[in-house]
There are 2 protein chains.
Amino acid sequence: MSEGESCGCCSSSTVTSDTDHTCYCPVDGIIDTISKKHALPIVSVLGSNGPTRYNELEEVLGVTSSSLLSTRLNELMSEGLIERQSFDEIPPRVEYLLTPDGEELERRLKPLLEWADEA
Amino acid sequence: MSEGESCGCCSSSTVTSDTDHTCYCPVDGIIDTISKKHALPIVSVLGSNGPTRYNELEEVLGVTSSSLLSTRLNELMSEGLIERQSFDEIPPRVEYLLTPDGEELERRLKPLLEWADEA
DNA sequence: CAGCATCCGAACCGATACTG
DNA sequence: CAGTATCGGTTCGGATGCTG
């Protein structure tokens, strides 16, 4: 979805909204990112388990191909939702964790996911 | 995503979670549905505007092709999130509205979208 | 007005293989 | 252990055209 493209959702057209009217149309950026496979689970797992290693994520999420997880992690980093922390050790160790933004997301996501799970 | 496929997310594996541990892995069904294009805006618009006609939705969402909206509406109906109400009039009138489940979803969605919008 | 059928290009996912 | 590169299959979205 391209940015700044007026969708008419916010302008008062035929749809009469006298109450609160927030625009949810250009839901790009974060929403797009978290709509992809494993993105939500990643955020959730990091939220409940804290810093987690690459391999742990692979196992826990039941990820099918390593490259997919890699892509998703990079996207989440680009959005500033997660952070990568690498340690100079042998064998190499890398941990992923939520940024403050990611934590805020997780907080607002939780009620939704809890409900979606049982429904 | 196929159902009932154990992802290992819920079993206590290498990931140590002593705190609350809810499983968010099999986020199928509703999450899948609302992850598709226009689904979220549809729910939001119906939430703030109440019953809305097909054409109004097309305008408001800036939908590109009519068939896409049609598909999305059917999916949301299958999930029991929205409801279709048709009137025997000429010209024909059809309105879509949230079911109780849809309203609950909208409630839980709102804080997320409000935050995502400004971020 | 409301909505489906179809066709085509784009995006996404999964598997395999290969590096630091 | 922690990734990237590549490629084929599948799914999704956009455009057009046609019905009740």
Side-chain angles (χ1 to χ4, degrees), chain A residues 1-2 5 7 13-15 25-29 31-42 45-46 51-78 82-97, chain B residues 1-2 5 7 13-15 25-29 31-42 45-46 51-78 82-97:
Chain A
M1 219 181 291
S2 56
E5 143 199 334
C7 63
S13 55
T14 23
V15 174
C25 294
V27 246
D28 14 66
I31 299 290
D32 270 14
T33 304
I34 64 175
S35 293
K36 297 183 185 172
K37 189 156 195 183
H38 293 128
L40 249 37
I42 288 172
V45 167
L46 294 189
T52 310
R53 302 178 64 160
Y54 191 90
N55 266 10
E56 284 183 306
L57 283 171
E58 270 192 326
E59 293 173 24
V60 164
L61 302 175
V63 111
T64 46
S65 83
S66 168
S67 59
L68 184 55
L69 176 59
S70 180
T71 308
R72 210 81 328 138
L73 288 171
N74 285 326
E75 290 168 357
L76 289 168
M77 279 192 288
S78 295
I82 69 174
E83 198 176 327
R84 194 189 106 118
Q85 197 157 24
S86 74
F87 303 83
D88 270 2
E89 299 178 3
I90 296 178
R93 180 161 64 107
V94 174
E95 290 182 351
Y96 292 88
L97 54 136
Chain B
M1 216 182 294
S2 56
E5 141 200 334
C7 62
S13 55
T14 23
V15 174
C25 294
V27 246
D28 14 66
I31 298 290
D32 270 14
T33 303
I34 64 174
S35 293
K36 296 183 185 169
K37 189 156 194 182
H38 293 128
L40 249 37
I42 288 171
V45 168
L46 294 188
T52 309
R53 303 179 63 160
Y54 191 89
N55 265 11
E56 283 183 306
L57 283 172
E58 270 192 326
E59 293 172 25
V60 166
L61 302 175
V63 113
T64 46
S65 83
S66 167
S67 59
L68 183 56
L69 175 58
S70 180
T71 308
R72 212 77 334 133
L73 288 170
N74 284 326
E75 290 168 357
L76 289 168
M77 279 192 288
S78 295
I82 69 174
E83 198 177 330
R84 196 189 104 117
Q85 197 159 22
S86 73
F87 303 83
D88 271 1
E89 302 178 1
I90 296 179
R93 180 162 63 109
V94 175
E95 290 181 351
Y96 292 89
L97 54 137

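Each chain gets a letter, A, B and so on, in the order its sequence line appears, and its residues count up from 1.
Here C:dG3 presents its P atom at 13 Å from CZ of B:R93, a figure rounded to the nearest Å. In this structure, CD of A:E89 is placed 16 Å from C1' of C:dG20, rounded to the nearest angstrom. Between A:L69 atom CG and D:dA5 atom C1' the separation is 16 Å, expressed in whole Å. The interatomic distance linking B:E75 (CD) with D:dT11 (P) rounds to 13 Å, in whole Å. At whole-Å resolution of the value, CD in B:E58 and P in C:dC1 are 10 Å apart. When rounded to the nearest whole Å, the span between OH of A:Y54 and P of C:dG20 equals 17 Å. Atom C1' of nucleotide D:dT10 and atom CG of B:D32 are separated by 15 Å, given to the nearest angstrom. To the nearest angstrom, P of D:dA2 lies 15 Å from CG of A:N74.
Within the structure, salt bridge (charged side-chain N to carboxylate O under 4.0 Å, His left out) contacts touching residues 60-70 of chain B (residues at least two apart or in different chains) do not occur.
Nearest heavy-atom pair, A:I34 versus A:A39, reported as atom, atom and distance to 0.1 Å: CA-CB, 3.7 Å. B:E89 and B:R93 make their closest contact through OE2-NH2, 3.1 Å (heavy atoms, listed as atom of the first residue, atom of the second, distance).
Using a 4.0 Å heavy-atom distance criterion, B:F87 is classed as making no nucleic acid contact.
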Between the protein and nucleotides 13-15 of chain D, which nitrogen or oxygen pairs come in under 3.5 angstrom?
| residue | atom | partner | partner atom | Å |
| --- | --- | --- | --- | --- |
| D:dG13 | OP1 | B:K37 | N | 3.0 |
| D:dG13 | OP2 | B:R72 | NH1 | 3.0 |
| D:dG13 | OP2 | B:R72 | NH2 | 3.1 |
| D:dG14 | OP1 | B:K37 | NZ | 2.8 |
| D:dG14 | OP2 | B:T64 | OG1 | 3.3 |
| D:dA15 | N6 | B:S67 | OG | 3.2 |

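Taking the salt bridge (charged side-chain N to carboxylate O under 4.0 Å, His left out) definition, one finds that A:R84 meets it with nothing, sequence neighbours left out.
Counting heavy atoms from C-beta outward, A:L61 and A:I42 have side chains that approach closer than 4.5 Å.
The phosphate of C:dC1 (OP1 or OP2) has no side-chain N or O of B:R53 nearer than 4.0 angstrom.
Remark: side-chain polar atoms of B:Y54 are paired, donor with acceptor, to backbone N or O of B:S66 under 3.5 angstrom.
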